[in-house]
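Data first, discussion second: the structure below is written as structure tokens.
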Amino acid sequence: MLSIKNLHASVNGEEILKGINLEIKAGEVHAIMGPNGSGKSTLSQVLAGNETFEVTEGEVTLNGDNLLELVTEERAREGVFLAFQYPVEIPGVSNLQFLRTAVNAMRKHRGEEEMNAAEFMKLAKDVSRQVDLDPAFLKRGVNEGFSGGEKKRNEIMQALLLQPKLAILDETDSGLDIDALQVVSNGVNALRADDRAILMVTHYQRLLNHIVPDYVHVLAGGKIVKSGGRELALELEERGYGWLGIDAVDTSN
Amino acid sequence: MATTDTQVKELIKREYEHGFVTEIESDTFEPGLNEDVIRRLSELKQEPEFMLEWRLKAYRRWLEMDEPEWAHVDFPKVDYNSISYYSAPKRPEDMPQSLDEVDPELLRTYEKLGIPLHERAKLAGVAVDAVFDSVSVATTFKEPLEKAGVIFCPISEALQKHPELVKKYLGSVVPAGDNYFAALNSAVFSDGSFVYIPKGVRCPMELSTYFRINAANTGQFERTLIIAEEGSYVSYLEGCTAPMRDENQLHAAVVELVILDDAQIKYSTVQNWYPGDENGKGGIYNFVTKRAACIGKNSKVSWTQVETGSAITWKYPSCVLRGENSVGEFYSVALTHNYQQADTGTKMIHLGKNTKSTIISKGISAGRSSNAYRGLVKFGPGAEGARNFTQCDSLLIGDRCGAHTFPYIESKNKSAIVEHEATTSKVSDEQMFLCRQRGIDPEQAVSMIVNGFCKEVFKELPMEFAVEASKLLEVSLEGSVG
């Protein structure tokens with residue numbers, strides 16, 4: 001489904017991604033781990049089309065379509081979803097209005113009829129319960145005054161609403177207590193489907209106890225240096241990154 | 001002496017009659033302003049004698065005044081003699097006969113605003129029963145209003161049918177010599193609306209007018225006077241639009257509101273005068289004086305305005321809170337784009353005991369525009385226990401525009417309380433990326449973010465106006481992303 005070949009990307013002239021190769025098939029969950037500054041978040045942002053980053057080399061295709069030719073919103077409509085590590089606030093715009101605009105933008109792209117306010121309200125209420133959010137929060141401003149946990153649940157709820165082909169989860173577990181982690185993980189597990197690929201970026205093995213990945217990759221210095229199965233994450237937890245020849249904190253980027 | 005005066009008058013009248021005949025054919029006064037023009041205007045409108053005297057007095061005051069230069073706007077001097085001071089609507093046969101004859105760009109805008117087809121035809125100047133320029137727009141729903149005792153008519157008609165009311169209140173809130181543009185308006189105003197709500201009456205419907213400047217090289221000087229008698233209520237909506245022209249056009253209106261004991265006026269404006277093109281060519285100069293006098297105790301006035309148009313806006317809807325416990329509110333959204341300049345705000349003059357005022361101002365600047373909030377909060381010696389709350393927020397789109405805030409506070413009463421909050425923010429790259437990552441078009445994203453920013457003001461607008469205002473922002477922001 002997702003195919004990344006020799007991907008290089010820089011920001012302000014500094015190369016962060018130095019030749020990433022990755023294949024993710026439909027139905028698979030891949031976890032990307034790695035020390036701080038290894039390029040994990042950059043990879044997420046580049047795949048979603050953040051224009052701050054410049055792709056200098058390589059190719060990325062989603063179901064054979066060249067993603068790099070598409071701007072952010074076009075990629076989103078083709079089914080690329082990014083759950084943000086730090087979702088930004090949009091004051092005064094209700095969550096409900098924001099989500100309905102997004103869902104209708106996707107529907108319009110697929111040639112489907114737009115959902116009216118009442119239909120959407122029903123759908124949004126159902127989905128918000130899946131991530132244990134009080135439907136009353138739908139009326140609040142986007143991420144406005146949300147706690148860290150609410151923001152993360154909100155991101156997963158958006159993925160559930162938008163039903164993407166490729167869901168990229170950027171440090172979805174950071175800042176969550178154990179109960180919130182369970183709720184978010186349940187949401188992600190509900191996302192798992194035969195026709196969907198999931199790419200999880202995380203620091204910690206603990207998330208992978210809740211969402212069991214098919215493959216684990218270690219990113220360091222802008223490259224994938226090791227790939228394996230579920231057991232690789234456990235090994236990393238036990239041994240750190242040192243045995244892979246990586247400094248525990250790689251600050252070169 | 002007396003004889004000479006009479007002779008002069010005779011002479012003027014003869015010249016005027018001569019002029020009148022030629023003007024009938026062209027329907028528009030030749031450009032220029034002098035006492036003769038004012039006499040012709042007053043005569044043409046068959047005004048009572050006191051009105052002509054009032055106009056002439058205002059004109060003489062105006063001649064002695066200087067154009068104000070303190071506003072944060074910059075424009076070449078207006079040549080007041082190049083403007084025509086009266087333009088009657090064209091005869092139906094001269095107007096476009098169908099929408100096919102109207103500028104498609106203008107129609108596209110109306111369509112985006114969601115204005116119904118028959119309204120679009122009216123606004124585009126198709127020969128239906130509405131009239132533009134200097135003559136008041138036709139008023140509808142006369143019957144139910146008459147039943148309630150409400151008077152809602154062109155001010156020219158009020159001058160003939162209810163001269164005593166007009167004489168009593170005209171200039172009572174904005175005196176003829178109040179400021180340069182008010183003096184000019186007092187001298188040459190051509191028409192406008194008159195509203196009278198009798199004691200204890202709640203006006204059975206929202207009253208609305210649409211103003212439009214149609215003819216080229218014409219100034220528009222409308223005059224609105226609304227009187228709310230004891231215990232009455234009225235909500236008044238005002239919409240403004242003008243076609244696109246390369247020349248700048250002058251709009252200098254005066255609005256006076258008189259509010260007696262326990263009465264309330266809610267005045268909402270959606271102003272979409274032509275702002276000029278993307279290079280700053282053309283557009284309306286909007287120099288307007290709007291003021292409400294809360295004379296009675298427990299009286300209340302709310303100004304709500306959404307301003308997206310005009311090349312230059314100079315406008316400060318104000319409240320004089322004279323009556324005990326009277327309340328003044330000002331909710332404003334002012335959006336500038338391209339080369340637009342706006343200097344707008346309000347004045348809250350607290351004179352009575354326990355008077356309260358609220359100011360919520362939202363300024364949005366895009367392109368190379370300049371947007372200034374200017375507000376005065378003043379407490380007189382008698383304003384025991386008076387309070388003001390001011391919130392003034394600016395939103396910037398891009399990095400070539402400017403936002404300025406000029407708050408003035410004057411207090412002659414120690415018990416008065418004033419609170420002022422101000423913020424400036426930008427539509428951030430992160431917000432844009434979040435929206436776009438969810439599949440939302442950049443332009444729609446900006447419009448949504450701006451609408452969120454304006455929410456506190458939009459919720460004060462009557463429902464259908466709020467929808468129009470929100471769409472208007474969308475249209476006005478076109479091309480602001482990129």
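A, B, ... follow the sequence lines: proteins, then strands. Residue 1 opens every chain. Every value quoted in this text rests on a predicted model; they were computed, and no experiment measured them.
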| Steps toward side-chain contact (heavy atoms from CB on, under 4.5 Å) verdict (B:Phe433, A:Thr52) | CA-CA 10 Å; B:Phe433 185 55; A:Thr52 313; over 6 Å; no
| task | Identify which part of A:Asn143 has an atom lying under 4.5 Å from any heavy atom of chain B, answering side chain, backbone, both or neither. | result | side chain
| Which portion of A:Glu78 sits near chain B, non-hydrogen atoms under 4.5 angstrom | neither
| Heavy-atom distance under 4.5 Å to chain B: side chain of A:Leu162, backbone, both or neither? | side chain
| field | Proximal component of B:Asp429, with respect to chain A [non-hydrogen, under 4.5 Å] | value | neither
| remark: Between B:Ile440 and A:Glu73 the two heavy atoms that sit nearest each other are O-CB, 3.8 Å
| Distance-minimising heavy-atom pair for B:Gly439 and A:Ala105 | O-CB, 3.2 Å
| note | When the 4.5 angstrom heavy-atom criterion is applied to A:Glu51 and chain B, the contacting part is side chain
| Portion of A:Tyr86 that has a non-hydrogen atom of chain B nearer than 4.5 angstrom | neither
| Under a 4.5 Å heavy-atom cut-off, does chain B meet the side chain of A:Val103, its backbone, both or neither? | neither
| said: Quick one, B:Glu430 and A:Phe84 - any side-chain contact, counting heavy atoms below 4.5 Å? | reply: no
| message | Taking CZ in A:Arg140 as the centre, count heavy atoms belonging to other residues, nucleotides or ligands within less than 6.0 Å. Is the count above 12? | response | yes
| Given the options A:Pro87, A:Ala102, A:Pro164, which has more heavy-atom pairs under 4.5 Å with chain B than any of the others? | A:Ala102
| Can you say whether B:Glu456 sits under 4.5 Å from chain A via the side chain, the backbone, both, or neither, judging by heavy atoms? | neither
| query | Can you check whether B:Pro442 reaches A:Val71 side chain to side chain, under 4.5 Å on heavy atoms? | reply | no
| said: Quick check against the 3.5 Å criterion: does B:Gln437 have a side-chain atom that pairs as donor or acceptor with the backbone of A:Val80? | reply: yes
| To the nearest 0.5 Å, how far apart are OG1 in A:Thr72 and CG in B:Leu434? | 11.5 Å
| field | Over 12 foreign heavy atoms within 6.0 Å of CG, A:Asn116 | value | yes
| query | CZ of B:Arg438 to OG1 of A:Thr101: how many Å apart, nearest 0.5 Å? | reply | 13.0 Å
| said: With side-chain contact (heavy atoms from CB on, under 4.5 Å) as the criterion, how do B:Gln431 and A:Val142 come out once you've worked through the C-alpha distance, each side chain's angles and the decisive distance to 0.1 Å? | reply: CA-CA 10 Å; B:Gln431 289 172 330; A:Val142 175; over 6 Å; no
| Region of B:Cys454 in contact with chain A, defined by heavy-atom distances below 4.5 Å | neither
| Heavy atoms of other groups near A:Asp194 CG, more than 12 under 6.0 Å | no
| With respect to chain B, which residue among A:Lys108, A:Gln97, A:Gln45, A:His109 yields the maximal number of heavy-atom pairs within a distance under 4.5 Å? | A:Gln45
